[in-house]
Every structure is written in structure tokens, then in C-alpha cells.
Visitor: 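Structure incoming, see below.
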Amino acid sequence: MTASSATIISCASCGKVLDDRTPHSTCPDCDGMLDITPATPLVRGTALAQLFDGRLGIHGARGSAASQSGVWRFRELVLQTDDDSIVSHPEGNTPVIHRRSVSQYAGVDSLRMKHEGHNPTGSFKDRGMTVAITQARRCGATAIACASTGNTSSSLASYAAHAGIPALVLVPSGRISMGKLAQTVAYGARTLLVRGDFDDCLRLVRESARSLGVYLGNSLNPFRIEGQKTIIFELLQQCGWIAPDWIALPAGNLGNTSAFGKALSEAHQLGLIDRIPRLLCVQANGAAPFALGFAERFATRHQVRAETIATAIRIGDPASWDRGVAAIRVTNGIVIAVSDDEITAAKSAIDASGVGCEPASAASVAGVRALVSQGVIKPHENVVAILTGHVLKDPEGSIGSGTSSRPRPNAPIEIDADLASVERVLRNSGKS
Ligand code: F0G
């Protein structure tokens, strides 16, 4: 299917219009954020939903990666490009999971979890990265760089390796989980451990992109946002194109929040859904500039020195602030902050159900529980929580040492290699 207009890329600050193969991720004139307006698809409403539904599962394992991808299934709303230029593993096609124990924990009749940890590198970042690296290839980028708390870097390293483009990664030294650092290095990225925090890394990578001419892969890059919109499109498709009441997600740099707002408003405008669900953005108490802003109707842009066990969202100066505000406004959304203990407790509930996730992801379920107890979310409402990363991303946070403040009741116990020791442990655990 073709479209009736072309993709438009323009600067949100000065209005400059750029070519759709631009090598810039921010405005070359004023460094403002770039907005992408996708070409208008030729069909809308039910016909568009049918087009997307018709692509489900038809290619099996025989089709190209792009034809199997849960991102490129929605290509009309993502990026118009030929199949040969697409860099895909494939990605997406993540499950929507229900566990009674987690619903009970959150306090709603039925909580569904969309588990983005099932992406190829274990986080939702792959959805934006397939598009950003495809664009890097389209514009002839010779190197690609990002700052990261670990998931973006893992994803960028993996997709850059797939495309054969050298990757440069800046992460805060000693402040990302071992699982993510291991992945980033394994996929071959040149990895710099910066003595500073994520916000320092982002400032530095933006300066490097400008002066060294490398392509910027952070979510400031508008193509990342276009890919991440497909979390929403796929979720709506899995809900039979009936919008849930609430969608909860963890919020750090606000790229995902921006993508969700954009996707929901596009889906509504195109008649894929007849109402827009409310977003619930959840931050950690020690890294909650956006929640502080929300509490005063975004009168000021807050910056904090971030500290939380949820290392993925340990961000004090979110880059996509304005887009995040727009997303909250268009969805009549809410932003709250929860404590590290609430995050750890929610993670334990998700892990104990056999689903598992990394600490930051559990913030979404902790946020639902908090809003239910405040009476804002009603138990009968239809709620989806996005789990953004896989349980193996942060092994220290799961075993109960390192980043977690609460030891697990089943923390591993070392024993001598004899049956008596096994029996002794089993007898003692029966007593606890
Ligand atoms: N959840 C996880 C697991 C993340 O890795 C991130 C961000 C978020 C939530 C928040 O998303 O930044 O779009 O608001 N991780 C980035 C990274 C910062 O570098 O991997 P956001």
C-alpha cells in the first residue's frame, strides 16, 4: 500500500524542514528536536486495522526479517522505505500476559502486562533501534553513538553490528547493571565508562555527535520514537483495536512516554481506536523530575541529581521533556513517583508469578497499585502495564545483593556436596 503524501521531518523549534534521508538527529540550525509526520495512509479505520491484521503470521519463518517484525508490520505509520534497507532481527511480537497474583497485587480485577523484555536484546529499545539503524544506513552514517543506562547501548550495539556500522557507547561508570554492560561489549561496541551520571553521558554524546559527525542513536532521534510507537500499535492490535482504560509505563528520559502519546493520538486520528487511553507514567522517587513538573502543571522544567535502585531510569534531566508533556496532555495522563521499596516489592510479585522483569519495569505495576489505593484507578478498569526489560538484564537486582535493598526469602544458600546438607536446608525452610 502506498500513501497519499510524503513523510515530513521538521524542527519543533524553528520549523526548518529536512530531507527524509537527513543524517541529523536534531535540527542542524538550532539543535531543536525533530518531529516526524508520517505520510497519510490511503486507508483508515477498519480497513487500516484489517491491513495490519492481515500481515499477522502469514510469512512464518520463511519471510524476510522485516515481514516477520512487529515493528515493520505497521510500516505505513513508521517509515516508508524499501525492504532491502531495513535492519531487523526481527523484533516486536511481544506477549500480553495475565497473572492473577499480579492483578491481586496491583488491586485490579485484571491487569495485563505487555512484556517488552521478549525483544531480541531483552528490552523495548529494539523497536526504536531497528528504525534508527535503518535510517543510519539510509543516510550513509559511518558510525553511530549513544549515551545509555544500559538497554539503549545493548540494543544499539546489536543493531549496529547487524548493519556493519561501528558503534560508540557512553555509560555512567559503575552505575549500569552487569547484564547490560556485558551485552553491549559482547555485540562489539566501543564502550566508554564515563566518570559521571547518565545526564553527563548524554551531554557528552550530543557534543560528540555535533563535532565528530557520528549519527546519534538516543531517543532524541525522532526515528527511535517512530519505532517505539509500535508498542502501542501492537498492543491495540492484541486488544482487538479496543483501547484499554489505562496504560502504565516507567519513565526516565521520556522517549517512550513521547512515543506512546504520539502513537495514541495517531491511532485515534486514523480511526484505529475510538478513544484515547490514559497514560500513567511512573518514576522512582529519587529520579522524579517529571513527576515534580506534573504536580505543578508543568509550570517549570525540573532537573534533579538522580538516585534509585532502578538504574535504567536513574535520569535527572529528561531530554524529551516537551514531548513528554505533550503526551500527558493528549492522553489526560498522570505522572507519579514511587519509592525504591515499592519498586522492589512489585518486582518480587512479578518475578514470583514466573513472569519476571528488571527493576525499572516493575515501576509500572508499582504505579498501578499506588493509583488504585488512591482511588484514581478503579478495580474494574482495563489496565495494561508495560514491562520494559527482561529479568536477566539486572541479575544483581534479582538475587537480592547489589542494587536491591531487600534480600529475597529464597536467596541462594551455599552447601557442602552431601545429602545431609540438602536435607538440613529443606527442613529449615519449612520452618520459616
Ligand atoms: N525501562 C527500561 C528498562 C529502560 O531501559 C528505560 C530507559 C526506561 C524504562 C525509560 O524509558 O527513557 O524512554 O523514559 N533506558 C534508557 C537507556 C535511558 O539508556 O537504556 P525512557
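Just so you know, these numbers use all the heavy atoms, side chains as well, and skip hydrogens, waters and symmetry mates. All ligand and atom numbering here is 1-based and tracks the order in the structure. Because the structure is predicted, anything quoted here is derived from the model rather than measured.
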Visitor: Could you tell me whether Arg369 sits above the aromatic face of Tyr105, with NZ or CZ closer than 6.0 angstrom to the six-membered ring centre and within 45 degrees of the axis?
Guide: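 Yes, a cation-pi geometry holds between Arg369 and Tyr105.
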Visitor: Counting non-hydrogen protein atoms only, what is the nearest one to atom 4 (C) of ligand 1? Give residue, atom name and distance.
Guide: Ala312 CB, 3.5 Å
Visitor: Number the atoms of ligand 1 from 1 as they appear, then name those within less than 4.0 Å of a heavy atom of Asn151, with their elements.
Guide: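 Contacts of ligand 1 toward Asn151, numbered from 1: 2 (C), 3 (C), 4 (C), 5 (O), 20 (O).
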Visitor: Identify the protein heavy atom lying closest to atom 12 (O) of ligand 1, giving its residue, its atom name and the separation to 0.1 Å.
Guide: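 Among all protein heavy atoms, the one nearest atom 12 (O) of ligand 1 is Asn253 N, 2.8 Å.
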Visitor: Answer with yes or no after comparing the ring centroid distance for His89 and Tyr159 against a 6.0 Å cut-off, counting only values under it.
Guide: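 Centroid separation for His89 and Tyr159: below 6.0 Å.
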Visitor: In ligand 1, which numbered atoms sit nearer than 4.0 Å to a non-hydrogen atom of Ala251?
Guide: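 Once the distances to Ala251 are compared, the set is 14 (O).
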Visitor: What do we get for Leu254 next to ligand 1 when only non-hydrogen atoms under 4.0 Å count, side chain, backbone, both or neither?
Guide: backbone
Visitor: Considering the options Glu116, Lys393, Lys125, Gln183, which one meets the side-chain hydrogen bond (donor to acceptor under 3.5 Å, both in side chains) requirement together with Asn151?
Guide: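 Among Glu116, Lys393, Lys125, Gln183, the one meeting side-chain hydrogen bond (donor to acceptor under 3.5 Å, both in side chains) with Asn151 is Lys393.
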Visitor: Could you check Arg275 against Asp245 for salt bridge (Lys or Arg N to Asp or Glu O under 4.0 Å), going step by step and ending with a plain yes or no?
Guide: CA-CA 9 Å; Arg275 67 189 171 89; Asp245 297 310; 3.2 Å; yes
Visitor: Do other residues, nucleotides or ligands put more than 12 heavy atoms under 6.0 Å from the CZ atom of Arg301?
Guide: yes
Visitor: Whether the Ser103 and His98 side chains hold a donor-acceptor pair (N or O, under 3.5 Å, no angle test) is what I'd like checked.
Guide: yes
Visitor: Using a heavy-atom cut-off of under 4.0 Å, does the side chain or the backbone of Thr257 touch ligand 1, or both, or neither?
Guide: neither
Visitor: When you look for heavy atoms under 4.0 Å from ligand 1, do you find them on the side chain of Lys393, its backbone, both, or neither?
Guide: neither
Visitor: Heavy atoms only, cut-off 4.0 Å: how does Leu249 contact ligand 1, side chain, backbone, both, or neither?
Guide: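 For Leu249, there is no contact with ligand 1 at all, from either part.
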Visitor: Looking only at protein heavy atoms, which one is nearest to atom 8 (C) of ligand 1, and how far off is it?
Guide: Ile313 CG2, 3.6 Å
